[in-house]
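For reference, the structure discussed in these notes is given below.
For reference, positions follow the sequence shown, starting with 1.
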Amino acid sequence: MSDVRLPRRAWLYRVALIAMAVGLSDVLVAAEPVAQRAAARDSFTEWKDANPDAQTMLDTIVWKPVAFEVTWTECEGREYERLVRFPSPWESGSAINDSVALAWYRPEEAKRDGGAMKRPAVVVIHESGSAMPVGKAVAEGFRSRGLNAFLIHLPRYGERREPGIRRDPAEMLKMMRQGVSDVRRAYDAVRVLPEVDPEQVSLQGTSLGGFVAATAGSLDGCYRQVHITLAGGDLYSMIQNGEKDVAKVREELARGGFTGEALRDLLRHAEPLRVAHRLDPQRTWMYSARQDEVVPIANCRKLAAAIGLDKSHQAELYAGHYTGILYLPAILDIMAERVKATVSDSPVKR
């Protein structure tokens with residue numbers, strides 16, 4: 001009898017173990033964050049400009065408007081609550097890089113009311129640092145002031161960075177087109193998300209992000225407001241004369257053969273002055289530093305002039321590029337109040 005019972009018991013044990021494994025698998029699967037989904041579509045039709053040079057730049061950025069999917073998942077243990085994804089309009093050949101990531105910083109008010117109220121949102125574009133500390137601080141600042149903040153990870157940054165692959169300055173500039181396009185599409189992605197007021201989506205960028213914001217905001221005027229921080233125009237003179245981080249970029253570009261006209265041609269593809277006149281001066285603000293050693297104040301003023309900004313839409317801080325962070329709380333107060341202000345008329349779409 002014992003010879004018969006032992007196999008039966010072993011079989012029962014195996015069945016029990018399989019059942020436990022299946023049950024545990026179900027628990028593990030259930031613990032995985034479930035992606036929420038929404039349908040979106042590029043909201044523009046075409047971009048036209050009477051200036052031939054501006055039209056040429058627009059033609060290099062524009063893509064065929066299509067429908068696309070937006071997904072978002074809950075995140076635990078991070079400084080933001082949700083991660084939003086949507087496909088980039090332009091492909092680089094990397095699936096990781098071509099899935100745009102938006103870190104969603106939800107305001108405490110939304111958590112308390114369960115997201116019942118739709119609130120204004122700001123798409124935040126980070127600086128060139130890999131860890132994006134300023135971009136994160138800006139997004140957190142908007143969140144603490146009652147706004148939805150979406151920190152977009154530019155190509156090859158954050159969630160879009162492939163392990164073991166280093167960025168180089170030449171590639172960063174080549175990826176500007178994709179980054180600008182991603183920021184434009186982010187407008188349509190954010191508008192379909194729950195808790196977001198689709199008529200109150202603004203844009204903010206700092207340093208590198210400021211250059212991207214100036215160009216992306218110029219495409220068709222879709223964003224309610226554009227806030228440009230520590231950025232300017234005339235990239236060629238900035239690279240030639242800037243210190244600190246810009247000096248390092250200049251040296252690395254030179255090692256790659258980008259000097260003189262080759263450098264000018266490379267930078268021209270990302271030059272915000274070519275389209276800055278398309279920004280609405282009534283809905284655009286600049287925050288610059290008079291002692292900026294990275295983006296000279298002369299370059300900031302060139303961009304302001306190209307936009308046609310009134311002095312009331314320009315703030316020149318008595319600071320440098322890095323010490324300007326001391327003014328961040330005050331600047332965030334100003335930007336947040338402007339974003340939350342009721343605007344009766346609609347943005348001018350071009």
Side-chain angles (χ1 to χ4, degrees), residues 29-45 62-76 78-92 95-126 135 139 142-143 146-155 157-160 178-204 212-213 216-217 219-225 339-340 346-347 349:
V29 170
E32 288 291 324
V34 178
Q36 303 295 311
R37 303 175 185 277
R41 187 176 182 82
D42 296 312
S43 60
F44 64 89
T45 52
V62 73
W63 64 96
K64 182 180 179 180
V66 296
F68 61 94
E69 184 178 64
V70 181
T71 65
W72 63 97
T73 54
E74 301 292 333
C75 299
E76 292 185 5
R78 301 193 185 186
E79 66 271 13
Y80 52 88
E81 289 73 31
R82 293 171 179 169
L83 185 66
V84 181
R85 292 278 196 177
F86 62 88
S88 173
W90 291 100
E91 295 182 355
S92 66
I96 294 175
N97 181 64
D98 294 341
S99 178
V100 184
L102 289 169
W104 185 351
Y105 292 70
R106 296 175 66 216
E108 291 298 324
E109 294 86 343
K111 300 173 190 176
R112 287 196 293 268
D113 66 20
M117 178 182 289
K118 290 185 178 293
R119 292 178 170 84
V122 184
V123 174
V124 177
I125 317 175
H126 59 81
F142 281 131
R143 169 171 64 183
L147 298 167
N148 286 297
F150 295 88
L151 178 62
I152 186 169
H153 294 184
L154 291 174
Y157 279 86
E159 295 287 341
R160 303 174 66 179
Q178 186 177 34
V180 167
S181 302
D182 294 342
V183 171
R184 173 56 185 86
R185 177 170 276 185
Y187 171 78
D188 292 313
V190 166
R191 294 179 77 232
V192 303
L193 296 174
E195 306 176 22
V196 172
D197 182 345
E199 302 305 318
Q200 297 282 352
V201 181
S202 295
L203 181 64
Q204 189 279 336
V212 176
L219 298 178
D220 64 351
C222 63
Y223 281 98
R224 168 69 63 181
Q225 297 177 1
V339 169
K340 289 189 283 188
S346 300
K349 293 190 178 180

Atom pair [atom1] ([X]) and [atom2] ([Y]), whose distance is rounded to the nearest 0.5 Å:
X	Y	atom1	atom2	result
F150	R106	CZ	CZ	9.5 Å
T73	R37	OG1	CZ	10.0 Å
N148	K118	CG	NZ	10.0 Å
I96	R160	CD1	CZ	11.5 Å
W63	F44	CH2	CZ	4.5 Å
D220	Y187	CG	OH	8.5 Å

At their closest point, which heavy atom of [X] faces which heavy atom of [Y], and how far apart are they?
X	Y	answer
H153	G158	ND1-CA, 3.7 Å
Q200	V339	OE1-O, 3.8 Å
R119	P107	CD-CG, 4.0 Å
D197	P120	CB-N, 4.2 Å
V196	A121	CG1-CB, 4.0 Å
L154	G179	CD2-CA, 4.3 Å

Legend entry - Residue pair V190 / V84, side-chain heavy-atom distance below 4.5 Å: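 Not touching, per the 4.5 Å side-chain cut-off.
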Legend entry - Note, L193 side chain near W72 side chain (heavy atom, < 4.5 Å):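 Of all side-chain heavy-atom pairs linking W72 with L193, at least one is under 4.5 Å.
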For [Y], does its backbone N or O pair with a side-chain atom of [X] as donor and acceptor, under 3.5 Å?
X	Y	answer
Q178	W90	yes
D188	A40	no
D182	V100	no

Legend entry - The single option from E81, R82, E74, R143 passing side chain to side chain contact (heavy atoms under 4.5 Å, CB included) against W104: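 Option passing the side chain to side chain contact (heavy atoms under 4.5 Å, CB included) with W104: R82.
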Test: [X] and [Y] ion pair at under 4.0 Å:
X	Y	result
E69	R85	no
D42	R185	yes
E109	K340	no

Inset, instruction - Any chance you could lay out the side chain to side chain donor-acceptor pair (under 3.5 Å) test for D98 and S92, step after step, and finish with the verdict? - result: CA-CA 7 Å; D98 294 341; S92 66; 2.8 Å; yes
Legend entry - side-chain contact (heavy atoms from CB on, under 4.5 Å) between Q204 and V124, intermediate numbers included: CA-CA 5 Å; Q204 189 279 336; V124 177; 3.5 Å; yes
